[in-house]
J.: 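Take this structure, written in structure tokens, and hold onto it; I'll ask about it next.
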Protein chains: 2
Amino acid sequence: MNKIRVLVFEDNFRLRESLYFLINSEEDLECCGTFPDCKSLERAIQDSQPDVILMDIEMPGMNGIDAVRIIKKDFPKLPVLMQTIFHDDSHIFNAICAGASGYLLKSASSETYAQAIRDVYNGGSPMSGPVARRVLELFQKNIAPANENDYDLTQKEKEVLASLIEGKSFKQIADTISISYETVRSHMKNIYAKLHVHSNTEAVIKAIKEKIV
Amino acid sequence: MNKIRVLVFEDNFRLRESLYFLINSEEDLECCGTFPDCKSLERAIQDSQPDVILMDIEMPGMNGIDAVRIIKKDFPKLPVLMQTIFHDDSHIFNAICAGASGYLLKSASSETYAQAIRDVYNGGSPMSGPVARRVLELFQKNIAPANENDYDLTQKEKEVLASLIEGKSFKQIADTISISYETVRSHMKNIYAKLHVHSNTEAVIKAIKEKIV
DNA sequence: TTAGGAATCCCCCTTTTGTGGTAGTAAAAC
DNA sequence: GTTTTACTACCACAAAAGGGGGATTCCTAA
């Protein structure tokens with residue numbers, strides 16, 4: 001059976017060494033390289049062909065966040081497991097937004113480390129509990145369809161609004177849905193009344209933010 | 001020590017019973033009620049004062065997703081752990097969007113169940129690996145600042161644009177940031193040129209969707 | 001020292017929107 | 001069988017926005 005090849009970026013010498021031994025002491029894991037910084041990031045990856053990257057967030061020179069961004073650009077499928085001593089929101093979010101596939105605290109046990117590596121390799125995303133919860137909460141706020149309120153827009157009104165959100169002018173909307181310019185204006189009046197707004201712009205903002213249409 | 005009070009909604013009789021015993025067999029857990037449906041959802045919660053809800057997604061009458069929505073509306077802080085036999089995207093997303101704090105497969109072991117309950121209670125969000133990964137991916141796509149392109153907008157231009165996406169008219173923008181109407185127009189012209197758009201509306205759309213400002 | 005960017009303001013003219021009406025028709029609701 | 005609604009369409013006038021200029025000040029970088 002092929003071992004999971006892990007490439008480590010960690011500036012602290014002792015930790016780097018201990019990660020190396022930790023990984024190699026697992027039957028199914030193999031450390032294919034360790035680096036104290038991200039200077040030769042791309043080369044290192046190209047040369048050692050890892051299955052998983054273990055990346056420290058706090059590093060001199062290029063930090064782990066930027067490193068992930070680069071890795072995700074050049075090797076989109078290579079999962080990156082972030083490790084850090086901090087677990088505050090901003091660190092987590094930056095890491096995840098940059099493209100990290102998992103988030104590990106350095107205080108984690110050896111077994112947690114090993115399991116997290118297996119987990120990211122197998123398509124999972126190990127995260128500490130609070131991190132996972134925070135991610136879900138943001139997910140709910142930002143992605144959830146959210147609104148019951150469709151403001152009782154009629155079919156045609158929704159069509160017009162949809163066209164509006166594509167940046168079209170009234171004339172263009174008239175053309176695309178094949179009604180007269182004046183009819184578009186009529187629909188707009190009704191939309192404004194229903195959304196309680198008084199301009200094109202406000203309608204668009206409301207429609208986008210509340211995910212109407 | 002107080003036990004974690006768990007309220008169970010599960011239509012299958014056998015599973016309901018086994019959950020009851022499973023929970024009560026744990027020293028730190030206590031099943032404070034089981035229900036085959038969500039008919040008296042609010043009352044049940046009010047009466048039994050649970051710390052955690054264990055909710056089946058597939059149920060006759062009101063399904064688990066809608067139930068979560070209601071719970072989250074009336075008891076926002078009460079964590080809901082969803083359990084299901086399906087783990088396809090749509091189930092997961094609906095559940096999470098509705099406000100679930102965790103997602104458990106019914107195939108999970110007793111120990112996994114117990115641990116997941118403790119986990120949601122302690123502010124975590126237990127999810128199976130692929131679910132977590134999927135959530136992160138969507139997170140990255142939707143929430144991440146994403147764009148390198150800030151289109152070289154200057155400070156003032158960003159200010160104006162920010163006001164614009166609050167639905168303000170040029171006049172109102174002029175007032176709020178204390179510059180003249182004509183200056184606002186000047187900034188707008190520059191913004192249009194930089195964003196390659198030709199109207200208020202288009203600028204707003206681009207600004208919101210690409211999370212400029 | 002000077003060229004250029006950022007911010008400020010003004011003018012003119014055209015086009016697009018916003019607001020207030022009116023009104024016909026067909027389908028659905030009462 | 002009448003009323004409501006959705007959709008259609010038009011007019012008129014005012015207000016706002018778009019597009020073309022030009023101009024001044026300040027500050028920074030070449």
Side-chain angles (χ1 to χ4, degrees), chain A residues 62 66 145-213, chain B residues 145-213:
Chain A
M62 183 190 295
D66 293 331
N147 296 286
E148 347 279 301
N149 29 349
D150 69 343
Y151 296 93
D152 280 314
L153 294 184
T154 68
Q155 196 50 46
K156 269 286 181 276
E157 285 161 1
K158 284 179 188 169
E159 268 182 68
V160 171
L161 192 49
S163 285
L164 197 70
I165 291 178
E166 283 165 19
K168 298 196 171 100
S169 70
F170 291 2
K171 273 187 190 167
Q172 290 174 312
I173 295 172
D175 287 346
T176 48
I177 65 180
S178 296
I179 54 178
S180 93
Y181 169 73
E182 286 297 334
T183 306
V184 174
R185 279 156 56 72
S186 286
H187 285 311
M188 287 306 296
K189 285 182 215 173
N190 295 327
I191 292 170
Y192 290 172
K194 288 179 180 176
L195 299 194
H196 304 295
V197 298
H198 305 279
S199 77
N200 193 316
T201 318
E202 285 182 280
V204 166
I205 295 165
K206 201 154 190 171
I208 294 178
K209 295 210 166 165
E210 306 195 12
K211 299 189 209 299
I212 310 168
V213 289
Chain B
N147 296 284
E148 348 279 303
N149 29 349
D150 68 343
Y151 296 93
D152 279 316
L153 295 184
T154 68
Q155 195 49 46
K156 269 285 181 277
E157 284 161 2
K158 283 180 188 169
E159 266 183 68
V160 171
L161 192 50
S163 284
L164 196 69
I165 58 182
E166 280 167 20
K168 297 197 172 98
S169 70
F170 290 3
K171 273 185 190 170
Q172 291 174 310
I173 295 172
D175 287 347
T176 49
I177 64 181
S178 297
I179 54 177
S180 92
Y181 170 73
E182 284 297 332
T183 307
V184 174
R185 275 163 49 71
S186 284
H187 286 312
M188 286 306 296
K189 287 177 204 174
N190 294 328
I191 292 170
Y192 290 171
K194 288 179 181 177
L195 300 194
H196 304 294
V197 299
H198 305 280
S199 78
N200 192 319
T201 318
E202 286 181 281
V204 165
I205 295 164
K206 202 154 189 172
I208 294 179
K209 294 210 165 162
E210 305 195 13
K211 299 188 210 299
I212 310 168
V213 291

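Here is the naming used below: chain letters follow the sequence lines, and residue numbers restart at 1 for every chain.
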J.: How close or far is atom P of D:dA16 from atom CD1 of B:I173, stated in whole angstroms?
T.: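 Whole-Å distance recorded here is 13 Å.
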J.: Mind checking side-chain hydrogen bond (donor to acceptor under 3.5 Å, both in side chains) for B:S186 and listing every partner two or more places apart, or none if nothing turns up?
T.: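 B:S186 satisfies side-chain hydrogen bond (donor to acceptor under 3.5 Å, both in side chains) with no other residue.
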J.: Testing the basics here: between A:S163 and A:I173, what is the closest heavy-atom pair and its distance to 0.1 Å?
T.: CB-CG1, 3.6 Å
J.: Earliest and latest nucleotide of DNA chain C, 5' to 3', sitting under 4.0 Å from a non-hydrogen atom of chain B?
T.: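 So the outermost contacting nucleotides come out as C:dA6 to C:dC12.
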J.: Take B:T176 and B:E166 through the test side-chain contact (heavy atoms from CB on, under 4.5 Å) and record every step on the way to the result.
T.: CA-CA 11 Å; B:T176 49; B:E166 280 167 20; over 6 Å; no
J.: Applying side-chain hydrogen bond (donor to acceptor under 3.5 Å, both in side chains), name anything that partners B:N190, two or more places apart in sequence or on another chain.
T.: none
J.: For A:S180, give me all partners under side-chain hydrogen bond (donor to acceptor under 3.5 Å, both in side chains), at least two apart in sequence or on another chain.
T.: A:T183
J.: Please identify each residue that fulfils side-chain contact (heavy atoms from CB on, under 4.5 Å) with B:K194, with sequence neighbours left out.
T.: B:L153, B:T154, B:E157
J.: Sequence neighbours left out, what passes side-chain hydrogen bond (donor to acceptor under 3.5 Å, both in side chains) with B:S199? Give chain and number order.
T.: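 So B:S199 forms no side-chain hydrogen bond (donor to acceptor under 3.5 Å, both in side chains) with any residue.
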J.: Could you list the residues that satisfy side-chain contact (heavy atoms from CB on, under 4.5 Å) with A:K171, not counting sequence neighbours?
T.: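 Counting only residues at least two positions away or on another chain, A:K171 forms a side-chain contact (heavy atoms from CB on, under 4.5 Å) with A:S169, A:Y181.
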J.: Not counting sequence neighbours, which residues clear salt bridge (Lys or Arg N to Asp or Glu O under 4.0 Å) with A:D66? List them please.
T.: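 A:D66: salt bridge (Lys or Arg N to Asp or Glu O under 4.0 Å) contacts with A:R69.
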J.: Mind grabbing the angle between the end helix axes of the helix from C:dT1-D:dA30 to C:dC30-D:dG1? Five pairs an end, 10° rounding.
T.: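 Comparing the first five pairs with the last five, the axes sit 50° apart.
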J.: Using whole Å, what does the distance between atom P of nucleotide D:dA16 and atom CG of B:L164 come to?
T.: 15 Å
J.: For a 4.5 angstrom cut-off between non-hydrogen side-chain atoms, does B:L164 reach B:M188?
T.: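 Answer yes - side chains close enough.
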J.: What is the separation between atom CG on A:D152 and atom P on D:dT4, rounded to the nearest whole Å?
T.: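 About 18 Å, once rounded to whole Å.
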J.: Identify the pairs formed between an N or O of the protein and an N or O of nucleotides 7-11 of chain D at a distance under 3.5 Å, and give each distance.
T.:
residue : atom : partner : partner atom : Å
D:dC7   : OP1  : A:K156  : N            : 3.3
D:dC7   : OP2  : A:T154  : OG1          : 2.1
D:dT8   : OP2  : A:H187  : NE2          : 2.9
D:dA9   : OP2  : A:S180  : N            : 2.7
D:dA9   : OP2  : A:T183  : OG1          : 2.9
D:dA9   : O5'  : A:T183  : OG1          : 3.3
D:dA9   : N7   : A:S186  : OG           : 3.3
D:dA9   : N6   : A:S186  : OG           : 3.2
D:dC10  : OP2  : A:S180  : OG           : 3.3
D:dC10  : N4   : A:S186  : OG           : 3.4
D:dC11  : N4   : A:E182  : OE1          : 3.3

